[in-house]
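Right, one structure below, let's go through it.
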Amino acid sequence: MASAVKLLDRNPYRDISVLDIVRDCNINRNTFYYHFRDMPSLLDEIVRRNIDDILTRYYNDDAPELCLRKALDRASENRRAIMHVYTSADRALFDRCLDSACQYWATAYVSRRLRHSDVSDDDRCFTAYICKSIGYGLLSDWFASGMKKSSESMLRQACLLCLKVPSAPESAQTDYQGMINKNG
């Protein structure tokens with residue numbers, strides 16, 4: 001995976017092949033396909049491992065915004081690689097990866113944040129869905145700006161909208177899982 005990130009930092013996504021990656025890390029092509037279906041699944045795994053690493057290293061109930069700060073810092077450190085995927089011909093791939101990453105982050109975050117509460121599974125699901133949607137929108141705008149906008153204002157907005165929300169009100173309960181499956 002480090003090889004893929006290194007190559008993405010130097011080259012547009014459309015110019016990188018599985019063969020380039022296996023040559024760079026001196027492995028057999030079958031080894032790549034044993035671990036990944038294709039290039040998009042490799043991208044998904046890179047993102048998920050980064051999310052897991054950030055949540056494991058930086059999550060703190062008393063300072064949940066630290067995780068978001070570290071995630072934005074890591075994205076900024078990998079700006080060239082991210083923009084090479086963002087500006088690729090297969091923009092739908094980037095959007096799917098971003099949606100998947102936001103869903104994964106929001107679900108993991110909400111699960112940690114509400115682990116000691118008696119919030120219903122339906123409300124947890126809805127809270128994760130709202131956080132995912134907010135994160136997707138904010139990140140989409142940030143990437144569209146070439147990641148040149150200040151991430152500080154985005155961090156403040158995300159914290160205001162997501163990090164302080166304990167759950168959906170009981171009066172708003174409905175079949176959120178069905179809504180999420182239909183839309184997501």
Side-chain angles (χ1 to χ4, degrees), residues 1 4-5 8 13 35-61 64-79 81-83 85-86 88 90-117 119-145 147 151 154-169 172-184:
M1 286 190 282
V5 173
L8 278 169
Y13 176 77
H35 294 283
F36 310 105
R37 278 188 327 275
D38 50 21
M39 290 288 289
S41 67
L42 170 63
L43 287 177
D44 282 340
E45 187 61 23
I46 290 168
V47 171
R48 286 176 187 260
R49 286 195 184 187
N50 274 282
I51 290 170
D52 288 340
D53 178 58
I54 291 166
L55 285 169
T56 300
R57 293 173 67 190
Y58 302 108
Y59 182 82
N60 179 329
D61 282 337
E65 60 280 352
L66 179 62
C67 270
L68 285 178
R69 162 58 35 230
K70 294 298 184 179
L72 293 174
D73 288 348
R74 190 160 306 168
S76 293
E77 291 165 9
N78 292 290
R79 180 184 175 279
I82 290 170
M83 294 312 298
V85 178
Y86 181 80
S88 73
D90 189 1
R91 180 60 182 285
L93 164 69
F94 185 87
D95 291 339
R96 282 191 309 273
C97 188
L98 179 59
D99 184 71
S100 175
C102 288
Q103 182 65 49
Y104 187 75
W105 174 276
T107 301
Y109 175 80
V110 168
S111 179
R112 286 173 187 250
R113 184 83 171 143
L114 301 178
R115 72 183 173 279
H116 299 300
S117 72
V119 174
S120 72
D121 289 344
D122 199 44
D123 284 349
R124 288 171 195 262
C125 184
F126 180 72
T127 302
Y129 176 73
I130 294 299
C131 290
K132 182 222 42 153
S133 299
I134 291 167
Y136 183 89
L138 292 171
L139 288 170
S140 291
D141 288 349
W142 191 42
F143 296 136
S145 78
M147 298 172 70
S151 61
M154 185 171 51
L155 179 64
R156 280 192 299 279
Q157 290 171 321
C159 288
L160 176 67
L161 296 170
C162 289
L163 301 184
K164 308 300 181 197
V165 178
S167 70
Q173 289 185 1
T174 188
D175 179 17
Y176 299 120
Q177 187 61 48
M179 180 179 73
I180 291 166
N181 290 337
K182 185 175 110 181
N183 294 327

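All heavy atoms count here, side chains included; hydrogens, waters and symmetry mates do not. Please read these numbers as outputs of a predicted model, since none were measured by experiment.
Ion pair Asp44/Arg48 not flagged as a salt bridge, since none of the NZ, NE, NH1 or NH2 atoms sits closer than 4.0 Å to an Asp/Glu carboxylate oxygen. Look at Asp73 and Arg69 and you find a salt bridge, because one of the NZ, NE, NH1 or NH2 atoms lies within 4.0 Å of a carboxylate O, short of that distance.
Of all the heavy atoms in Ala106 and Cys131, the pair that sits closest is CB-CB, 4.0 Å. Of all heavy-atom pairs spanning Cys97 and Val47, the tightest one is SG-CG2, 4.0 Å. Listed here is the closest heavy atom pair of Leu66 and Tyr58: CD2-O, 3.6 Å. Closest non-hydrogen pair, Cys67 versus Leu55, comes out as SG-CD2, 3.8 Å. Closest heavy-atom contact between Ala144 and Tyr86: CA-OH, 3.2 Å.
Lys132 NZ to Leu98 CG: the interatomic distance, rounded to the nearest 0.5 Å, is 9.0 Å. Taking CG of Asp121 as the reference point, atom OG of Ser111 lies at 9.5 Å (rounded to 0.5 Å). Interatomic distance, CG of Leu42 versus CZ of Phe36, reported as 5.0 Å (0.5 Å rounding). Rounding to the nearest 0.5 angstrom, the gap separating the OG atom in Ser100 from the CG atom in Asp95 is 12.5 Å.
Side-chain atoms of Thr56 never come within 3.5 Å of backbone atoms of Asp53 as a donor-acceptor pair (strictly under, hydrogens ignored). For the pair Ser88 (side chain) and Val85 (backbone), a donor-acceptor distance under 3.5 Å is present. For Asn50 (side chain) and Ile46 (main-chain N/O), a donor-acceptor pair under 3.5 Å exists by modelled atom type. Of the possible donor and acceptor atoms, one in the side chain of Arg124 sits under 3.5 Å from a partner among the backbone N and O of Leu114.
Leu72 is listed as a side-chain neighbour of Leu139, based on a closest heavy-atom distance under 4.5 Å. Residues Arg113 and Tyr59 are in side-chain contact: their nearest non-hydrogen atoms beyond the backbone lie under 4.5 Å apart. Here the side chains of Leu93 and Leu43 are in contact, with some heavy-atom distance below 4.5 Å.
Note: Tyr129 and Phe126 have tilted aromatic rings, judged against thresholds of 30 and 60 degrees for the angle between ring planes.
Side chain to side chain, Ser41 and Glu45 fail the donor-acceptor criterion of an N or O pair below 3.5 Å.
Proximity of the aromatic rings of Phe143 and Phe94 is defined here by a centroid distance below 6.0 angstrom, and this criterion is met.
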Before giving the answer on side-chain contact (heavy atoms from CB on, under 4.5 Å), spell out for Arg49 and Met1 the whole-Å C-alpha distance, their side-chain angles and the decisive distance to 0.1 Å. CA-CA 10 Å; Arg49 286 195 184 187; Met1 286 190 282; 2.7 Å; yes

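More than 12 heavy atoms of other residues, nucleotides or ligands shown are found within 6.0 angstrom of CZ on Arg115.
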